[in-house]
Amino acid sequence: MENRMYLTAEEVAARYREAISVGTLRNWRAMRVGPPFVKIGKAVLYPLEALNDWDRKHTVTCRDSNSPIVRKPLEP
């Protein structure tokens, strides 16, 4: 994505391999959910650093497959 500081909605959709569509981004903006964006006139832009932060916030960390599973005893 070169050295851009902002991405368009189309570029954001491509970044996430179309798993998040332009329409979904539009809906999220209307509901004020999803990644942060900047609106300049009619242009909607997504700051690259904000997308990277959003990715980190939504990263799922898995436990090591060799570590034991700790279960709490059931309460009577």
Side-chain angles (χ1 to χ4, degrees):
M1 304 253 170
E2 302 160 14
N3 268 343
R4 295 186 179 185
M5 292 178 51
Y6 297 92
L7 300 180
T8 65
E10 292 78 10
E11 291 168 328
V12 173
R15 173 187 169 115
Y16 295 108
R17 299 182 184 166
E18 308 298 329
I20 300 173
S21 70
V22 173
T24 295
L25 290 168
R26 186 180 311 113
N27 290 337
W28 284 355
R29 286 194 307 269
M31 296 185 301
R32 298 291 194 249
V33 298
F37 63 93
V38 175
K39 190 160 185 183
I40 302 170
K42 291 184 180 183
V44 176
L45 301 171
Y46 292 85
L48 191 54
E49 190 55 39
L51 290 171
N52 292 336
D53 290 343
W54 193 70
D55 290 347
R56 283 188 285 278
K57 181 180 172 187
H58 290 88
T59 297
V60 177
T61 305
C62 299
R63 67 175 176 79
D64 181 0
S65 61
N66 294 325
S67 59
I69 298 174
V70 178
R71 296 193 176 145
K72 292 173 76 173
L74 294 175
E75 306 252 342

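For the numbers below, each heavy atom of this structure counts, side chains included, while hydrogens, waters and symmetry mates do not.
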So, the side chain of Arg32 versus the backbone of Arg29: is there a donor-acceptor pair under 3.5 Å, distance only? yes
Heavy-atom closest pair, residues [X] and [Y]:
X: Gly34; Y: Trp28; result: CA-CE3, 3.7 Å
X: Leu51; Y: Tyr16; result: O-OH, 3.9 Å
X: Pro36; Y: Pro47; result: O-CD, 3.7 Å
X: Ala9; Y: Leu25; result: O-CD1, 3.5 Å
X: Tyr6; Y: Val38; result: CE2-CG2, 4.1 Å

Cluster question for you: counting only ILVMFWY and a side-chain heavy-atom cut-off of under 4.5 Å, with indirect links fine, are [X] and [Y] together?
X: Val12; Y: Trp54; value: yes
X: Met5; Y: Val44; value: no
X: Tyr46; Y: Val33; value: yes

Near Arg17 CZ, under 6.0 Å, is it more than 12 heavy atoms from other residues, nucleotides or ligands? no
Calculate, to the nearest 0.5 Å, the distance between atoms CD and CD belonging to Glu10 and Glu18 respectively. 9.5 Å
Would you say that Thr8 contacts Leu45 through its side chain, given a criterion of any heavy-atom pair below 4.5 Å between the two side chains? yes
